[in-house]
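To find a chain, count down the sequence lines: A is the first, B the second, and so on, and within it residues start at 1.
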2 protein chains.
Amino acid sequence: MNNTHIELRHLRLLQAVAEAGGLTAAAERLHLTQSAVSHQLKALEDALGLPLVERAARPLGLTAAGRRLLALAHAALPQVDAALRDLAKLKDGDAGELRIAVECHTCYDWLMPAMDSYRDVWPGVELDLLGGFQADPVGLLLDGRADLVITSEAGSRAGVVHAPLFGFEMLALLPPGHPLAAKKWLAPADFADQTLITYPVPEDRLDLVRRVLAPAGIKPPRREAQLTVAILQLVASRRGLAALPAWAVAPYLERGYVVARSIGRHGLWAELYAAVRAADAARAFVADFIDTVRRDSFARLPGIRAAVTPP
Amino acid sequence: MNNTHIELRHLRLLQAVAEAGGLTAAAERLHLTQSAVSHQLKALEDALGLPLVERAARPLGLTAAGRRLLALAHAALPQVDAALRDLAKLKDGDAGELRIAVECHTCYDWLMPAMDSYRDVWPGVELDLLGGFQADPVGLLLDGRADLVITSEAGSRAGVVHAPLFGFEMLALLPPGHPLAAKKWLAPADFADQTLITYPVPEDRLDLVRRVLAPAGIKPPRREAQLTVAILQLVASRRGLAALPAWAVAPYLERGYVVARSIGRHGLWAELYAAVRAADAARAFVADFIDTVRRDSFARLPGIRAAVTPP
DNA sequence: GTTCGATATGAGTGTTGTTCATGTAAACAA
DNA sequence: TTGTTTACATGAACAACACTCATATCGAAC
């Protein structure tokens with residue numbers, strides 16, 4: 001029957017479920033409750049008269065019907081997005097300038113590919129990347145020296161909008177065979193007698209220090225390194241511990257170069273935001289840059305989750 | 001912006017508006033009120049921040065944005081339909097038998113192409129066409145000698161479901177230059193002294209006689225012909241008048257072979273139904289045959305409208 | 001067994017799509 | 001011109017539906 005009342009909402013739902021590997025995780029991405037996802041999926045299955053997901057398996061598997069519908073989602077949703085982009089260009093024009101300042105060192109890992117995707121669909125937008133460490137990157141927006149800032153601070157300043165990108169886990173990195181590797185997760189006290197290897201930034205910019213160690217009154221010695229590989233090399237050679245975003249270390253973990261542990265019972269989670277001037281937030285090429293980063297990151301980065309603050 | 005809440009419903013709406021050339025006509029096809037279509041279109045335009053249709057022109061024109069979105073509809077909706085068909089096959093299987101009996105002579109005009117489209121997507125279904133005039137075609141369903149009957153009678157019999165296909169206008173055909181051609185439409189009395197040329201069927205099967213002439217107490221002489229071309233030839237050579245469905249005579253009208261006039265102020269409209277056994281109505285390959293006929297007919301036949309009885 | 005993480009379910013609520021009843025505007029006829 | 005017809009717009013009332021909240025159920029790990 002073709003009169004089945006199917007909507008793009010259903011396709012987005014199925015895609016999210018398949019990608020997230022579970023209803024709860026899908027709900028988070030869609031900024032819905034788990035209940036809504038469960039209800040909606042059931043309603044869809046009832047309407048079609050076919051089960052779409054294997055409820056037993058974890059990660060959740062799709063049935064043959066589910067896979068067919070997912071194939072439709074993969075075919076149709078990008079077409080829809082492309083059309084909406086074209087409409088946005090018709091409305092706002094398709095040219096502009098986007099000078100991007102980046103606060104976090106490891107962000108280049110995902111920012112570069114995202115910029116490449118973006119360039120494909122907005123060839124008329126001039127992309128610039130501002131280098132060097134900035135004391136007050138959001139200030140650059142108001143100075144007019146940058147148009148978009150990637151930051152981990154949600155702090156809202158007048159005239160600036162912070163759009164949440166995604167949440168990620170900071171993992172503690174240990175050399176293989178380190179005594180602490182026996183634990184499932186590390187408590188603040190575990191860092192007491194360890195050297196901390198970090199990027200060369202002030203202490204209050206390090207989530208591990210500001211949110212975990214400082215509150216616990218622990219102040220381990222620090223050693224700084226400029227590059228991610230250098231930090232990993234120091235950890236691997238047992239000069240100390242480090243804390244880096246999960247996505248940045250995934251390739252090294254696979255090779256067994258270092259091992260990772262969560263920080264605290266539920267892990268140390270941080271968020272990234274794209275800050276733009278309020279006046280620019282509604283401009284199509286700006287809004288779509290943020291969308292592109294979100295989509296691209298979810299497709300590419302392991303161990304990230306939707307931002308808690310809805311976009 | 002991509003977070004715009006667009007749904008397949010919107011695409012179907014825009015497609016219907018574009019094809020029907022107006023909101024009112026689109027509403028009829030979608031089995032909605034004109035108000036609903038107007039509201040929904042306005043909501044969509046507001047959400048996108050762009051006008052989609054040129055309200056002034058008649059038939060309604062699309063803006064550049066409307067055309068872009070229509071292109072999306074043309075790309076995406078067939079994919080959706082194909083996916084739903086595949087799901088139906090997964091559910092019910094993809095094979096079956098469909099013996100079709102046809103009551104109306106001119107129906108072969110659209111039935112053949114529709115059957116061709118259908119065969120493409122349901123290669124496993126055995127299609128058969130039952131020939132010859134049937135006194136009680138719906139009876140064949142209950143006898144088990146046919147599986148689907150094309151009929152113009154809505155009359156519901158136990159165990160048989162009548163699915164409306166579309167409404168069409170019966171046009172009165174006159175030779176060019178006939179005195180009655182001066183009128184915009186013909187009244188019952190106009191037929192009083194004219195010979196009526198018809199297919200060889202009982203009088204009570206002729207809509208013109210049963211619904212117009214008989215109630216007015218008019219009983220013109222009849223002359224019968226087997227073939228549509230024969231009827232048209234007799235009309236053109238001034239042997240009498242005929243009444244045929246608009247779609248069946250469109251090509252002859254274009255060539256000026258005959259001229260057509262409405263019967264009555266608002267025209268004489270009839271409907272066609274597909275009758276199937278109630279037990280078969282839910283089977284995917286049966287339901288989709290009916291859908292295919294509807295879609296195909298609307299795409300191909302001029303001067304038809306949605307059935308008044310909602311499907 | 002208990003606990004934890006994940007999905008299901010029922011009731012209540014807010015949103016939104018639809019209809020109904022008009023209003024308005026343009027085209028056409030008298 | 002006025003009346004008539006046809007098509008689209010609009011506001012209020014209603015109905016349907018999607019979502020949330022709270023809670024139940026299920027399964028796996030300990």
Side-chain angles (χ1 to χ4, degrees), chain A residues 3-14 16-18 20-47 51-63 66 183-185 262 264-267 305-306 308 310, chain B residues 3-14 16-47 51-63 66 182-185 262 264-267 305-306 308 310:
Chain A
N3 11 7
T4 307
H5 186 19
I6 188 173
E7 287 295 346
L8 291 179
R9 174 165 21 95
H10 299 305
L11 298 185
R12 297 192 205 279
L13 179 94
L14 191 69
V17 169
L23 304 204
T24 307
E28 190 176 67
R29 281 199 205 191
L30 298 168
H31 302 291
L32 291 174
T33 60
Q34 172 269 322
S35 178
V37 173
S38 178
H39 277 297
Q40 195 170 336
L41 183 61
K42 184 167 171 14
L44 180 59
E45 288 179 322
D46 288 353
L52 296 174
V53 309
E54 312 270 12
R55 311 307 172 106
R58 206 133 330 242
L60 232 58
L62 294 186
T63 64
K183 307 187 63 172
K184 268 226 126 122
W185 50 272
S262 287
R265 181 75 187 80
H266 298 285
R305 67 183 189 192
V308 257
Chain B
N3 12 7
T4 307
H5 185 20
I6 189 174
E7 286 295 347
L8 290 177
R9 173 166 23 95
H10 299 308
L11 298 185
R12 296 193 204 279
L13 178 94
L14 191 68
V17 169
E19 278 175 15
L23 303 206
T24 307
E28 189 175 68
R29 280 200 204 191
L30 299 168
H31 301 293
L32 290 174
T33 60
Q34 172 268 322
S35 179
V37 173
S38 178
H39 278 296
Q40 194 170 327
L41 183 62
K42 184 169 172 7
L44 180 59
E45 288 180 321
D46 287 353
L52 295 174
V53 310
E54 312 269 13
R55 312 303 173 110
R58 204 130 336 238
L60 232 57
L62 295 186
T63 64
K183 306 187 66 173
K184 266 224 127 124
W185 50 272
S262 287
R265 180 76 186 81
H266 298 286
R305 67 182 190 194
V308 258

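What separates NZ of Lys184(A) from C1' of dC4(C) is a distance of 12 Å, to the nearest Å. Separating the CD atom of Glu45(B) from the P atom of dT10(D) is a distance of 11 Å, rounded to the nearest angstrom. Protein atom CZ of Arg12(B) is 16 Å distant from nucleotide atom P of dG17(C), rounded to whole Å. Per the geometry, CG belonging to Leu23(B) stands 12 Å off P belonging to dT10(D), to the nearest Å. A straight line from CG of Leu32(A) to C1' of dT15(C) spans 14 Å, rounded to a whole angstrom. Between His5(B) atom NE2 and dC19(D) atom P there is a gap of 8 Å when expressed in whole angstrom units. If you measure from atom NE2 of His39(A) to atom C1' of dT9(C), you get 6 Å, rounded to the nearest angstrom. Taking atom CD of residue Gln34(A) and atom C1' of nucleotide dA24(D), one finds them 12 Å apart after rounding to whole Å.
Contact record, Leu60(A) with Val17(A): CD2-CG1, 4.2 Å, taken as the closest heavy-atom pair. Nearest approach of His10(A) to Gln40(A), heavy atoms of both residues: ND1-NE2, 3.7 Å.
Here the OG1-NE2 distance, from Thr33(A) to His39(A), works out to 8.0 Å after rounding to the nearest 0.5 Å.
When the nearest nucleotides of DNA chain D are assigned to Ala43(A) and Thr24(B) by heavy-atom distance, the more 5′-ward of the two goes with Thr24(B). Residue-to-nucleotide proximity on DNA chain C shows that, of Ala36(A) and His266(A), the 5′-proximal contact is made by His266(A).
Side-chain proximity of Arg55(A) to dT19(C), dA8(C), dC21(D): nearest is dA8(C).
Judged by distance alone with a 3.5 Å cut-off, no donor-acceptor contact links the side chain of Ser38(B) to the base of dC8(D). For Ser35(A) and dC21(D), a side-chain-to-base donor-acceptor distance below 3.5 Å is present, hydrogens and geometry of angles not being considered.
For the OP1/OP2 pair of dC19(D) and a distance below 4.0 Å, the side-chain nitrogens and oxygens of Gln40(A) include at least one atom meeting the criterion.
Side chains of Arg9(A) and Leu30(A) form no contact here, defined as non-hydrogen atoms less than 4.5 Å apart.
In this view, Ser35(B) satisfies the side chain to side chain donor-acceptor pair (under 3.5 Å) rule with no residue, not counting sequence neighbours.
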